[in-house]
Enquirer: 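Quick one: this structure, given as structure tokens, is what I'll be asking you about.
Keep in mind it's a predicted model, so treat the numbers as computed, not measured. To find a chain, count down the sequence lines: A is the first, B the second, and so on, and within it residues start at 1.
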Number of protein chains: 2
Amino acid sequence: MSKNRKQELLEIAYKMFITKGYDNTSVDEIIKEADIAKGTFYYYFDSKDEVLDLVINDMIDKEIIVASKYIEMQIPIEQKLIGIITSLRPSIDEKNIAIALNDDTNIKMHRKYNDKLIDSGTKLLKEIILEGINKGIFNCNNIEERIKLLLIMSNELFDNNNYSEKDIEVFVDTTEKMLGASKGSMNFIANLIGGKYNG
Amino acid sequence: MSKNRKQELLEIAYKMFITKGYDNTSVDEIIKEADIAKGTFYYYFDSKDEVLDLVINDMIDKEIIVASKYIEMQIPIEQKLIGIITSLRPSIDEKNIAIALNDDTNIKMHRKYNDKLIDSGTKLLKEIILEGINKGIFNCNNIEERIKLLLIMSNELFDNNNYSEKDIEVFVDTTEKMLGASKGSMNFIANLIGGKYNG
DNA sequence: ATTAGAAAAACCGACTAACAGTCTGTATGA
DNA sequence: TCATACAGACTGTTAGTCGGTTTTTCTAAT
């Protein structure tokens, strides 16, 4: 029951953080929901903050698993790249996550999520971009730094649901240019992101 | 003494937020420092959060005033643009601000600062970029969206003191490309930012 | 012009409720 | 018997409240 209990607590915490927000979820509420005592909670975790970190790690890990599938797929490099970037953002059926992250009481959660995403996403994207450079589709140096910027833009632009068609247009244009891809080669992003987020 | 008192309280709060961090500064500590009672504090402000908002507004307003001076200066457009962007970030003698913003206990403050900065900075930069387009130095559409991306990158990249030469190189390259400036026309950024932040 | 007195603005500090985290245990299984 | 797993009363700190007091400002009658 030990590993199970910890995981069970994390799942309860996750659900409550998403539905109520991190700041608005007290440890007392979590243990009431889990029907355990305070001492038990602090037997498994050092702090509420540690729970947040673990919850976010789980969230990102799931996104990474989905995103990873694009690497082996038999599709154009550009589509792999964009597939990964969009997969790293909360998907349609995780719309409540996007809403939660963007809530004013979840600033801390949001920040930790984005930081971790950039960290994990960079490793994935590096493979793709190197492949693209080898095939002559991309042309750029300082790959990791460019990926970081790419993920920063994606994070800040697309995780509030307040972006416009023009935002996507500029993001596509900038992505093409900063990777040295040919103009228009990533135009399909617009459909993907538009469909994924606004649909 | 009424307007003065409010301003005095904001200045005390500002100093304490910067030196101790927002989360680590309690209202009790602020009123002790100001030598007033709790009721007085809440006579002037609705919440601790409102104080944070007001403090940040003041901070950004000061940065905007400095940045605005570049508009009238007789220097190349590229230098105006970069001058403004770098002015919007905490300057050398405000290094403690940068440190505070990046502290783990100041996530909320940091986020509000960046959001407000993008809001205020966009208006300033728009003038410059239009001027650049008119003079044939820049060449791009969707100006406001590009500015937003530019400020997002600048914010996320440069306000922790953890960026490298390569980060600057990529930022310069991306900025040139996304505004349609000629290659190398903004190379001087490296010195500016490097000197400003790492010196 | 002076002043009583009413009204509004500025201020006080004890109080509450909610919270994260602690501590001293007890039960249970190897 | 020893470590793992759990319990729940307790503490200290916090943001925010509330009923009351002082100080200032305005009004009006002398």
Side-chain angles (χ1 to χ4, degrees), chain A residues 1-58 100 103-113, chain B residues 1-58 100 103-113:
Chain A
M1 285 264 190
S2 78
K3 271 277 146 52
N4 282 1
R5 165 129 306 179
K6 186 168 185 178
Q7 204 54 39
E8 178 200 351
L9 287 175
L10 285 175
E11 275 160 28
I12 288 172
Y14 164 78
K15 279 176 192 163
M16 296 183 84
F17 289 169
I18 294 299
T19 53
K20 301 186 40 149
Y22 175 75
D23 292 351
N24 295 330
T25 304
S26 68
V27 174
D28 284 310
E29 286 172 308
I30 295 174
I31 65 173
K32 191 183 169 193
E33 187 75 22
D35 201 34
I36 59 167
K38 205 67 164 282
T40 309
F41 181 91
Y42 283 97
Y43 172 74
Y44 286 105
F45 310 107
D46 285 342
S47 66
K48 190 187 167 193
D49 241 65
E50 193 201 329
V51 175
L52 178 60
D53 282 331
L54 293 173
V55 161
I56 286 176
N57 281 354
D58 282 352
D103 191 275
D104 211 44
T105 66
N106 271 348
I107 291 177
K108 194 171 193 174
M109 191 175 178
H110 194 175
R111 175 60 175 265
K112 291 197 173 191
Y113 187 91
Chain B
M1 286 267 188
S2 77
K3 271 276 145 53
N4 281 1
R5 166 129 302 182
K6 186 168 185 177
Q7 204 53 39
E8 178 199 351
L9 288 175
L10 284 175
E11 274 160 28
I12 289 171
Y14 164 77
K15 280 177 193 164
M16 296 183 83
F17 290 170
I18 293 299
T19 53
K20 303 185 38 148
Y22 175 74
D23 292 351
N24 295 329
T25 304
S26 68
V27 174
D28 283 313
E29 287 173 305
I30 295 174
I31 65 172
K32 191 183 170 191
E33 186 75 23
D35 201 34
I36 60 167
K38 204 70 165 282
T40 310
F41 181 91
Y42 283 97
Y43 172 75
Y44 287 104
F45 310 106
D46 285 341
S47 66
K48 191 188 166 192
D49 240 64
E50 193 200 329
V51 175
L52 177 60
D53 281 332
L54 293 173
V55 161
I56 286 175
N57 281 354
D58 281 353
D103 191 274
D104 210 45
T105 67
N106 270 349
I107 291 177
K108 195 172 192 173
M109 191 175 179
H110 193 176
R111 174 61 175 266
K112 290 197 173 191
Y113 187 91

Enquirer: How long is the line joining OH of B/Tyr42 and P of C/dA14, in whole Å?
Expert: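 Between P of C/dA14 and OH of B/Tyr42: 17 Å.
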Enquirer: Quick check for you: among C/dT22, D/dC6, D/dA5, whose closest atom lies nearest to any side-chain atom of A/Tyr43?
Expert: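 Of the options given, the side chain of A/Tyr43 lies nearest D/dA5.
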Enquirer: Let me have a per-nucleotide readout for nucleotides 24-30 of chain C, 5' to 3', with B, S or -, counting only protein heavy atoms under 4.0 Å.
Expert: -------
Enquirer: Sorted by first residue and then second, give each side-chain hydrogen bond (donor to acceptor under 3.5 Å, both in side chains) pair with at least one member in residues 9-19 of chain B; sequence neighbours left out.
Expert: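 Sorted pair list comes back empty.
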Enquirer: CG of A/Asn4 versus P of D/dA5: gap in Å, rounded?
Expert: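 In whole Å, D/dA5 P and A/Asn4 CG are 12 Å from each other.
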Enquirer: Figure out the CZ/P separation between B/Phe41 and D/dA15, and round it to whole Å.
Expert: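 Rounding to the nearest Å, CZ of B/Phe41 and P of D/dA15 are 8 Å apart.
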Enquirer: Tell me, please, which residues at least two apart from B/Asp23 pass salt bridge (Lys or Arg N to Asp or Glu O under 4.0 Å).
Expert: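 For B/Asp23 there are no salt bridge (Lys or Arg N to Asp or Glu O under 4.0 Å) partners, ignoring immediate neighbours.
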Enquirer: Is any side-chain heavy atom of A/Leu54 closer than 4.5 Å to a side-chain heavy atom of A/Phe45?
Expert: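 The answer is yes, as the side chains (C-beta and beyond) meet within the 4.5 Å cut-off.
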Enquirer: Write down the distance between OH (A/Tyr22) and P (C/dC19), rounded to a whole number of angstrom.
Expert: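 Those two atoms, OH and P, are 13 Å apart.
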Enquirer: Name all residues meeting the ring-ring contact (aromatic ring centres under 6.0 Å, His included) criterion together with A/Tyr113; count only those two or more places apart in sequence or in a different chain, and write none if there are none.
Expert: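 Applying ring-ring contact (aromatic ring centres under 6.0 Å, His included) to A/Tyr113 gives none.
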Enquirer: B/Phe45 CZ to C/dA10 P: how many Å, rounded?
Expert: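 Going from B/Phe45 (CZ) to C/dA10 (P), I get 13 Å.
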Enquirer: Heavy atoms, side chains only, cut-off 4.5 Å: are A/Asp103 and A/His110 in contact?
Expert: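 Of all side-chain heavy-atom pairs linking A/His110 with A/Asp103, none is under 4.5 Å.
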Enquirer: Using the salt bridge (Lys or Arg N to Asp or Glu O under 4.0 Å) criterion, which residues pair with B/Asp53? Sequence neighbours excluded.
Expert: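 Residues passing salt bridge (Lys or Arg N to Asp or Glu O under 4.0 Å) with B/Asp53: B/Lys112.
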Enquirer: Test of understanding: with side-chain hydrogen bond (donor to acceptor under 3.5 Å, both in side chains), list the residues that count as partners of A/Asn24, not counting sequence neighbours.
Expert: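 Counting only residues at least two positions away or on another chain, A/Asn24 forms no side-chain hydrogen bond (donor to acceptor under 3.5 Å, both in side chains).
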Enquirer: What is the distance, to the nearest angstrom, from the CG atom on A/Leu52 to the C1' atom on C/dA20?
Expert: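 Answer to the nearest Å: 14 Å.
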Enquirer: Return the set of residues passing side-chain hydrogen bond (donor to acceptor under 3.5 Å, both in side chains) with B/Lys48 (not counting sequence neighbours), or none when no residue passes.
Expert: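 By the side-chain hydrogen bond (donor to acceptor under 3.5 Å, both in side chains) rule, B/Lys48 matches no residue at all.
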Enquirer: Kindly say if B/Thr40 contacts the phosphate of C/dA10, meaning a side-chain N or O under 4.0 Å from OP1 or OP2.
Expert: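 No, outside the criterion.
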Enquirer: What pairs with B/Asn106 under side-chain hydrogen bond (donor to acceptor under 3.5 Å, both in side chains), at least two apart in sequence or on another chain?
Expert: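 Partners of B/Asn106 under the side-chain hydrogen bond (donor to acceptor under 3.5 Å, both in side chains) test: none.
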Enquirer: Looking at DNA chain D, which of residues 11-21 of chain A put a heavy atom within less than 4.0 Å of it?
Expert: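 The answer is none.
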Enquirer: Expressed in angstrom and rounded to an integer, what is the separation of A/Asn24 atom CG from C/dA20 atom C1'?
Expert: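 The distance from CG of A/Asn24 to C1' of C/dA20 comes to 15 Å, rounded to the nearest Å.
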Enquirer: Strictly by salt bridge (charged side-chain N to carboxylate O under 4.0 Å, His left out), give each pair with a member in residues 24-34 of chain A just once, sequence neighbours left out.
Expert: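 Output for this query lists A/Lys20-A/Glu29, A/Asp28-A/Lys38.
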Enquirer: Using the side-chain heavy atoms of A/Tyr44, tell me which of these nucleotides is nearest: D/dA5, D/dT14, C/dT22.
Expert: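 Side chain of A/Tyr44 sits closest to D/dA5.
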Enquirer: Is the shortest side-chain N/O distance from A/Arg5 to OP1 or OP2 of D/dA5 below 4.0 Å?
Expert: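 Looking at the OP1 and OP2 atoms of D/dA5, neither is under 4.0 Å from any side-chain N or O of A/Arg5.
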Enquirer: Between B/Thr25 (side chain only) and B/Gly21 (backbone N and O only), is there a donor and an acceptor less than 3.5 Å apart?
Expert: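 Yes.
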Enquirer: Run the side-chain hydrogen bond (donor to acceptor under 3.5 Å, both in side chains) test against B/Ser47 and tell me which residues pass, sequence neighbours left out.
Expert: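 Partners of B/Ser47 under the side-chain hydrogen bond (donor to acceptor under 3.5 Å, both in side chains) test: none.
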Enquirer: Please state how far atom CD in B/Glu50 lies from atom P in D/dA15, giving the value in whole angstrom units.
Expert: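 In whole Å, D/dA15 P and B/Glu50 CD are 15 Å from each other.
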Enquirer: Near DNA chain D, which residues from residues 27-38 of chain A have a heavy atom under 4.0 Å away?
Expert: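 Contacting residues: A/Ile36, A/Ala37, A/Lys38.
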Enquirer: A/Asp23 or A/Gly39: which one's nearest nucleotide on DNA chain C is closer to the 5' end?
Expert: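 So the residue in question is A/Asp23.
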